Number of protein chains: 4
Amino acid sequence: MIAVGIYGASGYTGQELMRLLLRHQQVEIAAITSRQYKGVSLAKVFPGFQGSTDLTFSDYSPEEMATLCDIVFLALPHSVSMKVAPIFHEAGIKIIDLSADFRIRDVKTYEKWYGFHTSPDLLNKAVYGIPELYRAAIAESSFIANPGCYPTSVILGLAPLLKGKYIDHASIIVDSKSGVSGAGREPQAGTLFCEVAEGFNAYNVGRHRHTPEIEQELTILAGESVTISFTPHLLPVSRGILSTIYAKLEKGADTAELLGIYGDFYRNEKFVSLCNEGALPNISSVRGTNFCRIGLVVDERTNRVVIISAIDNLVKGGAGQAIQNMNVLCGFAEDAGLNMLPLFP
Amino acid sequence: MIAVGIYGASGYTGQELMRLLLRHQQVEIAAITSRQYKGVSLAKVFPGFQGSTDLTFSDYSPEEMATLCDIVFLALPHSVSMKVAPIFHEAGIKIIDLSADFRIRDVKTYEKWYGFHTSPDLLNKAVYGIPELYRAAIAESSFIANPGCYPTSVILGLAPLLKGKYIDHASIIVDSKSGVSGAGREPQAGTLFCEVAEGFNAYNVGRHRHTPEIEQELTILAGESVTISFTPHLLPVSRGILSTIYAKLEKGADTAELLGIYGDFYRNEKFVSLCNEGALPNISSVRGTNFCRIGLVVDERTNRVVIISAIDNLVKGGAGQAIQNMNVLCGFAEDAGLNMLPLFP
Amino acid sequence: MIAVGIYGASGYTGQELMRLLLRHQQVEIAAITSRQYKGVSLAKVFPGFQGSTDLTFSDYSPEEMATLCDIVFLALPHSVSMKVAPIFHEAGIKIIDLSADFRIRDVKTYEKWYGFHTSPDLLNKAVYGIPELYRAAIAESSFIANPGCYPTSVILGLAPLLKGKYIDHASIIVDSKSGVSGAGREPQAGTLFCEVAEGFNAYNVGRHRHTPEIEQELTILAGESVTISFTPHLLPVSRGILSTIYAKLEKGADTAELLGIYGDFYRNEKFVSLCNEGALPNISSVRGTNFCRIGLVVDERTNRVVIISAIDNLVKGGAGQAIQNMNVLCGFAEDAGLNMLPLFP
Amino acid sequence: MIAVGIYGASGYTGQELMRLLLRHQQVEIAAITSRQYKGVSLAKVFPGFQGSTDLTFSDYSPEEMATLCDIVFLALPHSVSMKVAPIFHEAGIKIIDLSADFRIRDVKTYEKWYGFHTSPDLLNKAVYGIPELYRAAIAESSFIANPGCYPTSVILGLAPLLKGKYIDHASIIVDSKSGVSGAGREPQAGTLFCEVAEGFNAYNVGRHRHTPEIEQELTILAGESVTISFTPHLLPVSRGILSTIYAKLEKGADTAELLGIYGDFYRNEKFVSLCNEGALPNISSVRGTNFCRIGLVVDERTNRVVIISAIDNLVKGGAGQAIQNMNVLCGFAEDAGLNMLPLFP
């Protein structure tokens with residue numbers, strides 16, 4: 001039994017961490033913080049927890065929090081996380097950071113897309129937390145940079161083909177669609193029900209901050225510098241990301257062959273699930289789960305492969321992957337606390 | 001470990017039984033049937049199960065099914081269930097029937113609202129499966145009539161006040177709103193996305209078939225014949241029932257006092273959760289769970305109490321309560337396999 | 001051609017006024033104001049107007065605005081409207097006030113539910129703007145208090161029966177459900193997409209501020225003091241109110257007879273539409289229109305009538321009724337600019 | 001005043017034609033047909049029409065219908081339309097066919113994607129009905145093949161760049177997302193509310209039947225044979241298509257320059273609306289209207305242009321464009337009856 005803390009726990013990611021950690025058998029939640037809700041019970045802010053926990057938000061400083069827990073989840077905005085992480089690191093607490101602050105290895109790239117970084121020295125301590133790609137490093141690390149939601153769907157969707165050099169990496173186009181919870185719980189006009197329902201739009205075309213994170217990981221996989229077109233869209237659903245990914249095939253291959261390559265690549269992965277030929281993923285069949293479901297089609301008319309990758313942005317794209325990383329890092333079964341089936345309908 | 005079968009498993013209720021039973025530690029699913037999908041894998045019909053089970057639909061006869069399982073869930077339409085249940089009963093298989101066929105104790109009432117009953121002799125074998133009211137009888141029974149979704153929300157919402165004679169039972173008005181999954185998975189124009197989204201309407205006003213079931217149980221609780229006004233509505237959500245219940249107070253009491261009565265009545269109930277004074281339930285905070293959440297307000301201007309009762313129609317209003325009944329009947333922990341927190345958002 | 005102004009035009013009500021007035025043949029929009037969006041084009045705030053108008057928000061004072069228009073719509077929050085209205089009134093500008101400030105004739109009642117009133121002297125100038133009930137007075141007035149959304153649905157739903165003394169007014173229970181646009185466009189956690197979608201809840205039970213407005217008008221219709229139970233709920237749709245209204249019948253009557261009474265009462269009304277026996281209204285069949293659609297059922301088992309009344313809260317419950325009032329007041333055809341068919345699906 | 005008929009009027013397209021034609025000043029609806037609803041009033045099938053029309057479905061043969069109207073809209077499935085159209089054509093009735101049957105000029109291509117064509121001789125009579133591209137031909141024609149919904153959004157989105165040879169046509173990728181009404185009103189499991197809500201998926205990747213239609217028109221615009229990747233997705237909304245289109249730039253150009261080219265190309269077009277630089281279209285700002293709204297971004301990192309094109313699939317992608325074609329063909333103002341502002345929220 002380990003003691004965990006959640007620093008900045010009043011958003012959707014914090015809430016999702018709680019949903020999952022409260023049912024994790026090897027974990028005890030030692031403390032949760034929120035400046036806004038200091039002294040308020042979790043069940044008051046998220047009524048679904050009523051009757052299931054007595055947890056109350058505190059406003060512990062990082063130093064205080066460090067005395068209470070073995071591992072801390074940072075569910076903070078970028079640029080805030082980088083101020084808190086060094087204190088936990090100093091105190092020898094294991095860190096799983098859900099912000100973007102330690103995902104980009106190159107500080108110049110970080111600063112170009114996000115702004116000034118106050119802890120560049122910590123960047124090389126952090127391991128990028130996709131267990132399917134970095135399991136061994138995660139197991140030995142004490143500082144995980146938990147991936148972004150869009151990047152998780154894209155990197156898992158492209159890894160087998162890039163690694164195997166099946167595609168022309170200069171041809172990659174990523175058209176992603178995300179549910180509204182990705183925009184957080186802070187009140188803003190753009191995410192009001194009336195603005196989103198029965199609507200759909202692209203945003204930040206060509207300049208979304210997840211672009212350099214995706215490119216960093218695709219570059220590592222390809223062994224060459226990769227630049228992509230990335231277009232995010234806002235879906236009128238609460239949860240889910242579906243990325244439709246296009247690339248030119250370098251080697252002739254049909255759908256079945258490519259699915260075979262994915263099958264090999266993800267053979268022992270509990271959380272990557274492949275669609276059979278002819279089937280394609282729907283975000284509703286991963287809702288509430290830690291699965292990434294992937295389907296693909298080779299379009300012989302254009303010699304392109306179209307890969308569809310679906311996750312729940314709050315689970316595999318956030319809190320679930322964070323717990324998967326914790327499991328790896330702590331030597332727990334990788335699916336401990338993550339064994340849910342999707343909620344449908 | 002007991003062997004369970006699900007007879008008629010291809011609808012939303014069948015699917016929800018599977019979601020819950022596949023994660024129940026003391027249960028093994030021996031067989032699932034569907035005439036329509038004979039030979040098709042569960043994961044093909046409900047892709048969310050892919051990678052989590054190899055179950056395939058069969059079209060076993062009740063006689064065949066009876067050789068495979070200790071307990072059977074009947075997820076069949078009314079009037080079909082009554083033809084199958086006797087065979088299982090004869091074979092000594094424990095039955096949890098999710099249809100309406102054995103809920104109404106008086107065969108004349110059944111026939112007035114539903115049509116001819118072919119097994120009236122079995123009616124007195126069946127125990128009405130609300131564990132909060134009939135736990136002892138359920139524990140000793142081998143035939144459970146699992147309650148309707150609307151009735152569950154209404155009966156749990158009114159039980160403490162009727163039992164304690166706090167309200168004028170002639171004044172009861174029930175205004176209920178249900179998500180679309182209550183209408184089943186059979187394709188029909190009325191439940192198409194375009195017909196339901198951004199819509200809302202009442203239906204079957206004064207003549208919904210759940211009325212006699214509600215009245216039967218309220219009558220037992222009140223010790224006098226109760227007749228109610230019941231108006232169901234169709235909500236543009238997939239899951240959830242919220243019933244708003246009005247009654248005249250017979251005894252002066254304020255909100256806090258009445259909440260105290262509910263607290264006493266449901267003191268040891270794991271699945272009834274009361275809102276604090278000033279708070280009211282939202283279907284989104286019971287989504288995916290077996291909770292019934294109840295809040296109330298005394299309106300002193302009119303001397304009425306307004307009770308709000310919320311459940312997930314597929315869980316506490318269907319598959320979850322069926323499993324709760326199985327747990328009681330089999331001597332398992334009552335919340336075995338039902339320990340989920342709500343999926344929000 | 002008259003010149004109209006909209007004071008406080010950047011919310012959903014203001015936007016809806018614009019949608020309708022821009023297509024009204026006898027009207028020219030002279031000015032629209034918004035402190036927040038001063039100098040910003042309407043099309044920037046509401047992109048749907050792009051290409052259809054060059055209107056830009058100003059921050060004119062009421063005095064300046066009064067020099068520009070013949071008639072002004074006040075789309076302001078309550079307590080703000082009462083400060084602005086006297087200035088326009090003084091200047092001889094016709095006023096249609098969409099706030100609650102001049103709807104309650106008794107200042108003590110207003111102050112009990114809303115707070116201090118700074119212009120009580122103006123209360124008796126204002127005519128309550130339901131044309132179906134007060135057409136003659138509206139035609140001669142220059143100051144209209146445009147009704148609330150919930151009250152419009154309830155008052156039109158009950159008028160024929162109260163007027164004809166068919167029901168026991170002490171037995172009236174109103175269970176109303178409203179779309180989210182009724183909560184306005186100000187960012188707040190409670191109306192975020194993720195909080196509302198797949199949810200449903202009651203709020204302000206027994207203490208919603210529309211209660212005294214409803215009771216005032218029902219009292220006038222009944223000729224006796226009426227007190228009601230009123231429970232509003234939040235529907236996960238953008239537009240629409242559906243009120244389900246219960247009352248004990250004082251005189252024996254069946255559904256057809258009561259529908260006949262409604263037919264007589266609303267014989268010449270363009271915007272009240274009655275459902276045939278056996279049919280009931282859905283908010284989706286009034287979406288975007290100025291119709292109030294009413295259906296009813298007599299429940300002989302309980303001797304109650306159940307009336308269902310549906311409107312679009314932004315049209316008949318707001319901007320549309322305001323324009324209907326303007327048409328009456330200006331002597332235009334009552335349906336000028338309001339001749340839309342519903343947008344479905 | 002011309003007499004119009006709608007042949008096959010009980011689907012969403014037929015209903016939308018009615019919504020628009022009932023308010024068109026120069027048109028009288030002479031007859032509407034539906035085999036399924038023969039003798040049933042339009043208002044019974046679509047309650048939103050109650051009080052606004054007495055139209056009733058007939059099951060006139062094409063020969064009978066031809067005696068009643070000057071122009072007929074065929075709102076039939078493909079392969080049915082081709083059997084009816086020749087009869088109307090023979091009778092000298094002007095035809096606007098909303099099916100796919102006469103959109104593909106090359107019969108072999110049609111038969112490869114759709115199946116056997118029974119009236120290939122009529123193919124060269126039909127004019128492809130995008131007025132922005134074929135206005136003159138439409139004005140002189142008496143047989144319009146009204147475009148598909150996806151093709152309308154894509155062709156209008158690409159026309160200026162293909163015509164001006166700004167892009168490499170071999171690089172075109174079209175990622176489209178459509179609301180559910182595009183799938184029609186025929187009950188089927190896949191379009192039930194519970195299956196669609198909170199879901200999102202791609203379908204028919206690389207093999208959607210709108211592909212040859214899009215390619216035919218892009219080929220004409222480019223002057224060279226164009227082959228595209230086309231991926232449709234199902235959005236959980238009732239109305240709206242948004243196409244995100246990617247292409248490599250052949251000539252260096254920034255966003256402003258390309259917007260300038262679109263501005264020139266569509267200078268006099270009432271129904272094409274361009275977003276200013278920095279803005280992008282949302283389907284919610286064209287809802288219920290005949291607008292096609294287009295925005296674009298040049299991504300200098302990849303030398304690609306990303307074009308976003310949004311329409312209401314039932315209006316500009318169906319009934320609205322059909323009426324626009326009728327207006328051109330009849331010499332009416334092109335926006336007669338199409339002058340609506342979007343319904344938002």
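Heavy atoms only: backbone and side chains are in, while hydrogens, waters and symmetry mates are out. The chains referred to below are lettered A, B, ... by the order of the sequence lines, with proteins before strands, and numbering in each begins at 1. Fair warning: this is a prediction, and the values are worked out from it, not measured in the lab.
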Measuring heavy-atom distances to chain C, does [X] have an atom under 4.5 Å in its side chain, in its backbone, in both, or in neither?
| X | answer |
| --- | --- |
| A43(D) | neither |
| Q50(D) | both |
| R19(D) | both |

Please name the pair of heavy atoms, one in S285(D) and one in P47(C), separated by the smallest distance, quoted to 0.1 Å.
->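 Where S285(D) meets P47(C) most closely, the heavy atoms are CB-C, 4.0 Å.
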So with a 6.0 Å cut-off around CD of E186(D), is the heavy-atom count from everything else above 12?
->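 12 or below, so no.
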Which residues in residues 256-269 of chain D have a heavy atom less than 4.5 Å from any heavy atom of chain C?
->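 Under the 4.5 Å heavy-atom cut-off, nothing qualifies.
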For chain D, which residues from residues 313-323 of chain C have at least one heavy atom closer than 4.5 Å to it?
->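 The list, in residue order, reads L314(C).
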Give me the contact list for residues 332-345 of chain C versus chain D, heavy atoms only, anything under 4.5 Å, ordered by residue number.
->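 Within residues 332-345 of chain C, near chain D: N339(C), L341(C), P342(C), L343(C), F344(C), P345(C).
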Mind jotting down which residue pairs meet the side-chain hydrogen bond (donor to acceptor under 3.5 Å, both in side chains) criterion with at least one end in residues 190-201 of chain C? Sequence neighbours excluded, please.
->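 Every side-chain hydrogen bond (donor to acceptor under 3.5 Å, both in side chains) pair that includes a residue of residues 190-201 of chain C, provided the two are not neighbours, is Y12(A)-E195(C), R185(A)-E195(C), N282(B)-N201(C).
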So which of E16(C), R287(C), R293(C), K270(C) has the biggest tally of heavy-atom pairs under 4.5 Å with chain D?
->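 Going by pairs under 4.5 Å, I would pick R293(C).
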